[in-house]
Amino acid sequence: MRDFYPEDMAVRNAIFQAWTNASQTFGFEPYDACVVEHLALLKRKAGEEIAEQLYTFTDKSGRELALRAEITPSLARMVAARQSQLVFPLKWFTIGQCFRYERMSRGRKREHYQWNLDVLGAPDVAAEVEVVAAALYALRILGLGPAEVRVHLNSRGLLSDLFARASIPPERHSALFLALDKRGKMEDNAIAELLLAEGFDHAAIETAFQLMGIQRFDEAAARIGEETPSVAALNRFFQLARPYGIEESLLFDIGTIRGLGYYTGIVFECFDVHRRFRALFGGGRYDNLLASLGGRPLPAVGLGFGDVVVAELLVELGRLSRVENSGRIHIGYFDEAQRTAAIRLAALWRKEGRQVELALAPEKAKSFFSRVGRLAAGQAVYLGPDDLERGTFRLKNLETRTEIEQPIPPL
Ligand code: HAM
């Protein structure tokens, strides 16, 4: 699990601010849920990696519980509980901790914060484009644009159309999705073994791998040979992306399938352009989840965007300069005789809403300035006996190293 020291908090806060700003700019409403859920809600089908990564425990009443590995089941539970009162489509966002028992590697930790953006009750692709555009907007705030990141786009419906034309029956498609999603993380041979064990024959496995070689969307559409709803949906995604101004950030990628079982339509994942890191965010359409959790059927689209990979990418690109607080005033003083004046200055500035760091004990000028002088931002005041005699203090700008003299306000 993670500890956040103040310098880590500066990075985390910058990311959270970008997420919150993007959510609000795109008209999403905040919600929150507890990190502990009933295990029954989070338990999953075999084949999903997330199923083996749950931290589970039994509470004192014998309830089987778990720390959430993602937020989508909790969101679905909350929406299902008020489905008849809520006004749809609804656009909700949250930032929350998720826990996965992962093998720790670059970009993967056992605890991460995840920004979730979801639209429920919107059957049209407009919802997919809206969430992707909002996530790209957050990345822009952090200084990442089409030169750095790209959204890889595909559709499970499109894959199903391709599989169906290769005579793979629909009831076998979801197993195929979960297995093929492991490409890149697992050798093709091992995936083939897995599929053989699932009952797929050699011919079907070979066809599936061959389909994964499709490079372009028009190639996939040509193989399908007619405008199925999935082909139309992807076409519409690219068309709607243009007025949003995000089309240059999009890339059709037949290999983007996603490892979660509940996706039903368009799926996407965002990567750095050189594919050196894990996905920055991922999501898609999940039209059956609400009904499968006991709610009424409800179309849904969303994404999860973690704090870990984006921070690693920002560090790698040198985009995370030390975030220093330029609005803070540091106050120090030589001995007890100046303490009252120092407190008075602090109180006046704090009343004005300024951020003031007031020394809690007297200290020598050298020690005060070696402490705050390292900062290249903010302002500092050090009160000595001479200042009180003159009745003035010097406010030093730590960035420009200039100072101005002002009268000490009367008590
Ligand atoms: P996911 O792809 O499993 O999707 O996770 C979304 C994002 O969370 C990933 O792209 C990554 O940034 C981050 N993430 C996941 N696991 C870890 C980890 N162990 N360490 C660091 N970061 C991680 C979901 O969770 C879906 N529920 C997203 C969604 C929302 N779909 C619809 N609505």
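Each ligand, and each atom within it, is numbered from 1 in the order the structure gives.
Backbone and side-chain nitrogen or oxygen atoms of E269 are examined, and none is located within less than 3.5 angstrom of a nitrogen or oxygen of ligand 1. Considering backbone and side-chain N/O atoms, G306 comes within less than 3.5 Å of an N/O atom of ligand 1. At least one N or O atom of R258 sits closer than 3.5 Å to an N or O atom of ligand 1.
Residue-ligand proximity, Y263 to ligand 1, at heavy-atom distances under 4.0 Å covers atoms 26 (C), 28 (C), 29 (C), 31 (N), 32 (C). Per-residue contacts place E70 under 4.0 angstrom from the following atoms of ligand 1 (heavy atoms of the residue considered): 24 (C), 25 (O), 26 (C), 27 (N). Each of the atoms 30 (C), 32 (C), 33 (N) of ligand 1 lies under 4.0 Å from some heavy atom of D118. Within ligand 1, counting atoms from 1 as listed, the ones closer than 4.0 Å to a heavy atom of V308 are 21 (C). Below 4.0 Å from some heavy atom of G282 lie the following atoms of ligand 1, by number and element: 10 (O), 28 (C). With ligand atoms numbered from 1 in the order given, ligand 1 contributes 10 (O), 12 (O) to contacts under 4.0 Å with heavy atoms of L280. Residue L260 approaches ligand 1 through these ligand atoms, each under 4.0 Å from one of its heavy atoms: 4 (O), 24 (C), 26 (C). Taking every non-hydrogen atom of N116 and a distance limit under 4.0 Å, the qualifying atoms of ligand 1 come out as 30 (C).
Ion pairing of E312 with R278 is absent here, as no side-chain N (NZ or NE/NH1/NH2) approaches a carboxylate O to less than 4.0 Å.
For the pair R110 and Y101, the distance from NZ or CZ to the six-membered ring centre is under 6.0 Å and the angle to the ring normal is within 45 degrees. Geometric assessment of K364 against the ring of Y382 yields a negative cation-pi assignment under the 6.0 Å and 45° thresholds. Cation-pi geometry between R371 and F368 is not satisfied (NZ or CZ under 6.0 Å from the ring centre, within 45° of the ring normal). For the pair R285 and Y263, the NZ or CZ position fails the cation-pi test of under 6.0 Å to the six-membered ring centre and within 45 degrees of the ring normal.
With hydrogens and angles left out, the side-chain atoms of D161 and T228 include a donor and acceptor closer than 3.5 Å. A donor-acceptor contact under 3.5 angstrom links the side chains of Q338 and D335, judged on distance only. Checking T56 against E64 by side-chain atom types alone, no donor-acceptor pair falls below 3.5 Å.
Among protein heavy atoms, atom 28 (C) of ligand 1 sits closest to G304 N, 3.3 Å. When only non-hydrogen protein atoms are considered, atom 21 (C) of ligand 1 lies nearest to G107 O, 3.3 Å. The nearest heavy-atom contact from the protein to atom 19 (N) of ligand 1 is K109 O, 2.7 Å. At the shortest separation from atom 8 (O) of ligand 1 among protein heavy atoms lies Q114 NE2, 3.1 Å. Closest protein heavy atom to atom 11 (C) of ligand 1: A279 O, 3.7 Å.
Ring orientation note: the planes of F238 and F217 are tilted relative to one another, at an angle of 30° to 60°.
Using a 4.5 Å heavy-atom cutoff, the side chains of F268 and V131 are in contact.
Checking each of Y113, W115, F4, F93 against F16 for a ring pair (Phe, Tyr, Trp, His ring centres under 6.0 Å) leaves exactly one that passes, namely Y113. Screening F305, F281, F26 against W19 for a ring pair (Phe, Tyr, Trp, His ring centres under 6.0 Å) leaves a single residue, F305.
The side chain of R100, and not its backbone, has at least one atom closer than 4.0 Å to an atom of ligand 1 (non-hydrogen atoms only; side chain from C-beta on).
When the heavy-atom distances from atom 17 (C) of ligand 1 to R110, R103, H112, R278 are ranked, the shortest goes to H112.
By the 4.0 Å heavy-atom criterion, Y262 is counted among the residues contacting ligand 1.
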